[in-house]
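Take a look at the structure set out below.
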Amino acid sequence: MSRGSSSGRNPRGNNSNFGGKPSGSRSGQGGKPGAGGKTGGRPGSGSAKPYGKPADSKPYGKSAGAKSGGAKPAGGSAKRNTSAARKNSERAFSKERFGNSVPSNYARPTQRARAQARAENQAARMEHGELQDGIRLQKAMANAGVASRRVCEEMILEGRVEVNGSLVVELGTRVDPAKDSIHVDGMRIQLNKAARYYVFNKPKHVMCTMDDPEGRRTIADYFKNEHHSQRLFHVGRLDYKTEGLLILTNDGELANRLQHPKYEVPKSYLVQVPGPLPRSVGKQLRDGIKLEDGWIKVDDFKLIDQSPKHVMVEVTLHSGRNRIVRRMFDAVGHPVERLVRVAIGPIQLGDQKQGIIRSLGNQEVGHLMKMVGM
């Protein structure tokens with residue numbers, strides 16, 4: 001297999017989208033639990049509104065340069081639109097909803113790095129000969145849903161693809177999907193077709209197990225038919241009264257890493273407590289409080305909504321201790337009335353209804369793997 005070194009790569013910036021903040025604005029989360037099957041709604045009301053808002057609030061129907069007296073030729077607008085469409089088509093997994101909302105911080109290799117990789121690819125091919133085992137790299141990428149085979153070939157030539165950590169810039173490379181790891185724009189693509197990744201919006205009063213001796217509802221009651229025969233691991237737990245986002249997968253390695261303290265995967269929660277809430281509470285939680293099992297602090301604390309009787313805040317933390325959010329608010333004298341997990345790393349609950357299961361897209365899985373070094 002002809003491969004090269006990835007040395008000489010431009011420095012990569014931090015991705016601010018990995019803070020776990022839910023997309024869009026939220027006006028509240030109180031009212032009757034599960035009303036309308038959604039986690040929105042202002043405190044004390046029975047209405048439920050989905051989180052988030054349309055990405056573009058501009059009215060439809062107006063085209064660029066439509067003002068009288070200063071209109072530009074239609075050809076210029078068409079050219080810009082064509083260029084934008086081509087640029088979007090060259091993004092990995094550009095057709096996925098998640099891919100359209102999360103910008104990539106990937107810094108492409110320099111021209112010198114690509115030239116060095118090309119020389120190393122050619123030297124390896126001369127030394128070992130042309131490999132006949134496996135399938136061509138661009139075909140493996142297309143099978144994984146990255147893009148069309150033609151666009152995948154362009155990605156390889158542009159130096160956007162790595163195989164087992166080595167930069168590849170030639171089209172003759174063959175790979176074994178069962179053994180080799182492929183990264184596109186710094187993100188690993190999923191080649192194991194047997195792997196399954198789901199997001200479940202857990203309702204209140206559902207046990208976070210596959211079986212309960214007391215006969216209470218469990219998450220297994222929602223995974224029937226095509227999900228029934230799969231052995232799924234849930235990433236973290238939500239207690240009986242807590243609602244919200246739960247990731248389930250049959251990929252044990254990813255599940256273990258997402259829960260391991262080493263990787264500090266952030267989790268975000270909407271917390272409703274009795275009002276009023278002094279400003280000092282936020283400072284306490286940021287500075288850290290001592291519980292029976294040690295010190296703990298939140299990574300972020302934001303006031304979302306308030307009324308005389310209820311206050312809603314959003315907290316982000318990476319601890320996976322049992323019932324940690326409820327115990328923290330108990331410690332500062334404001335017991336939790338309602339608790340909803342809305343994000344794990346880059347995966348957000350959005351407007352997904354309670355009790356609904358959806359499959360994660362390829363790019364979402366890639367971002368999760370990138371967070372934990374896979």
* Answer yes or no: is there an ion pair linking Lys309 with Glu337, defined by an N-O contact shorter than 4.0 Å? => no
* Looking at side-chain heavy atoms only, is the closest gap between Ile135 and Asn143 below 4.5 Å? -> yes
* To do: Indicate yes or no: does Arg216 engage Asp212 in a salt bridge with an N to O separation below 4.0 Å.
  => yes
* To do: State which residue, out of Arg338, Lys204, Lys202, fulfils the side-chain hydrogen bond (donor to acceptor under 3.5 Å, both in side chains) condition with Glu243.
  => Arg338
* Asked: Can you check whether Pro346 reaches Leu368 side chain to side chain, under 4.5 Å on heavy atoms?
  -> yes
* Rounded distance (nearest 0.5 Å) linking atom CG of Leu137 with atom CD of Glu170 -> 12.0 Å
* **Test: Glu154 and Arg150 ion pair at under 4.0 Å** => yes
* Asked: Does the Asn201 side chain pair with the main chain of Gly355, one donor and one acceptor, at a distance under 3.5 Å?
  -> no
* Asked: Given side chains that start at C-beta, do those of Leu360 and Ile347 come closer than 4.5 Å, heavy atoms only?
  -> yes
* Asked: Between the side chains of Thr316 and Ser268, is a donor N or O closer than 3.5 angstrom to an acceptor N or O?
  -> yes
* **Interatomic distance, Ile247 atom CD1 to Ile344 atom CD1 [nearest 0.5 angstrom]** => 4.0 Å
* Asked: Is the closest side-chain heavy-atom distance between Asp251 and Met369 below 4.5 Å?
  -> yes
* Check Asn362 against Gly145 and note the closest heavy-atom contact, atom names and distance. => ND2-CA, 4.5 Å
* Asked: Do Val365 and His367 have side chains that get closer than 4.5 Å, going by heavy atoms?
  -> no
* **Side-chain heavy-atom pair Leu285, Lys297 within 4.5 angstrom cut-off** => no
* Looking only at heavy atoms, which two atoms of Gln138 and Glu153 are closest? And how far apart? -> NE2-OE2, 3.6 Å
* Asked: Would Leu258 and Tyr263 count as a side chain to side chain contact (heavy atoms under 4.5 Å, CB included) if you check the C-alpha gap in whole Å, the side-chain angles of each, and the deciding distance to 0.1 Å?
  -> CA-CA 7 Å; Leu258 288 173; Tyr263 299 102; over 6 Å; no
* Structure fact -> dist Leu245:CG -> Leu349:CG (nearest 0.5 Å) comes out at 5.5 Å
* Apply side chain to side chain contact (heavy atoms under 4.5 Å, CB included) to the pair Asp299 and His318, showing each step before the final yes or no. => CA-CA 8 Å; Asp299 301 331; His318 56 265; 2.9 Å; yes
* List the steps and the verdict of side chain to side chain contact (heavy atoms under 4.5 Å, CB included) for Gln272 and His310. => CA-CA 7 Å; Gln272 180 178 294; His310 304 283; 3.6 Å; yes
* Give the cluster check for Leu303 versus Val271: same hydrophobic cluster or not, with ILVMFWY residues linked at side-chain heavy-atom distances below 4.5 Å. => yes
* Asked: Looking only at atom types and distance, does a side-chain atom of Glu364 sit under 3.5 Å from a main-chain N or O of Gly361, one as donor and one as acceptor?
  -> yes
* Structure fact -> From the list Val336, Leu317, Val315, side chain to side chain contact (heavy atoms under 4.5 Å, CB included) partner of Met328 resolves to Leu317
* To do: Would you confirm whether His234, through its side chain, and Cys208, through its main-chain N or O, come within 3.5 Å as a donor-acceptor pair?
  => yes
* To do: Kindly give the cluster partners of Tyr240, where membership spreads through any ILVMFWY side chain lying under 4.5 Å from a current member.
  => Met207
* Would you say the side-chain atoms of Lys267 pair up with the backbone N or O of Val342, donor to acceptor, closer than 3.5 Å? -> no
* Non-neighbouring partners of Tyr197 that pass ring-ring contact (aromatic ring centres under 6.0 Å, His included), sequence neighbours left out -> none
* To do: Please confirm whether the backbone N or O of Gly373 pairs with a side-chain atom of Arg257, one donor and one acceptor, at under 3.5 Å?
  => yes
* Is the shortest distance from a Lys or Arg side-chain nitrogen in Asp300 or Lys302 to a carboxylate oxygen in the other one below 4.0 Å? -> yes
* To do: With the side chain counted from C-beta on, respond yes when Leu246 and Val199 share a heavy-atom pair under 4.5 Å apart, and no when they do not.
  => no
* **Co-membership, hydrophobic cluster, residues Met141 and Leu171, 4.5 Å side-chain** => yes
* Without swapping roles, check the side chain of Gln259 against the backbone of Gly236 for a donor-acceptor pair under 3.5 Å. => yes
* According to the interplanar angle, ranging from 0 to 90°, do the rings of Phe200 and Tyr222 count as parallel (below 30°), tilted (30 to 60°) or perpendicular (above 60°)? -> tilted
* Asked: Do Arg237 and Thr242 have side-chain atoms, one donor and one acceptor, less than 3.5 Å apart?
  -> no
* Check for a donor-acceptor pair, side chain of Asp221 on one end and backbone N or O of Thr218 on the other, with a separation under 3.5 Å. => yes
* Any donor-acceptor pair under 3.5 Å linking the side chain of Asn192 with the backbone of Ala178? -> no
* Flag yes if Leu191 and Ile156 sit in one hydrophobic cluster, no otherwise; membership is Ile, Leu, Val, Met, Phe, Trp, Tyr, and two members link when side-chain heavy atoms are under 4.5 Å apart. => yes
* Among the clusters formed by ILVMFWY side chains lying less than 4.5 Å apart, do Phe233 and Leu238 turn up in the same one? -> no
* Closest heavy-atom pair and its distance - His334, Pro278 -> NE2-CD, 3.6 Å
* Asked: Do Arg358 and Gln352 pass the side chain to side chain contact (heavy atoms under 4.5 Å, CB included) test, and can you show the C-alpha distance, the side-chain angles, and the key distance before you say yes or no?
  -> CA-CA 8 Å; Arg358 76 171 178 90; Gln352 183 174 338; 3.4 Å; yes
* With distance as the sole test, does Asp239 use its side chain to make a donor-acceptor pair with the main-chain N or O of Lys241 at under 3.5 Å? -> yes
* **Listed once per pair and sorted, the side chain to side chain donor-acceptor pair (under 3.5 Å) pairs that draw on residues 280-292, sequence neighbours left out** => Lys283-Asp287, Glu292-Arg327
* Structure fact -> Closest non-hydrogen atoms of Gly275 and Val311, given as atom of the first, atom of the second and distance, are CA-CG2, 3.7 Å
* To do: Measure the spacing between CD1 of Ile182 and CG of Asn164 and express it to the nearest 0.5 Å.
  => 8.5 Å
* Asked: Less than 4.5 Å apart, any side-chain heavy atom of Val168 and any of Glu162?
  -> no
* Asked: In terms of hydrophobic clusters joined by side-chain contacts under 4.5 Å, are Leu339 and Ile296 together?
  -> yes
* Arg160 side chain vs Asp185 backbone, donor-acceptor pair below 3.5 Å -> no
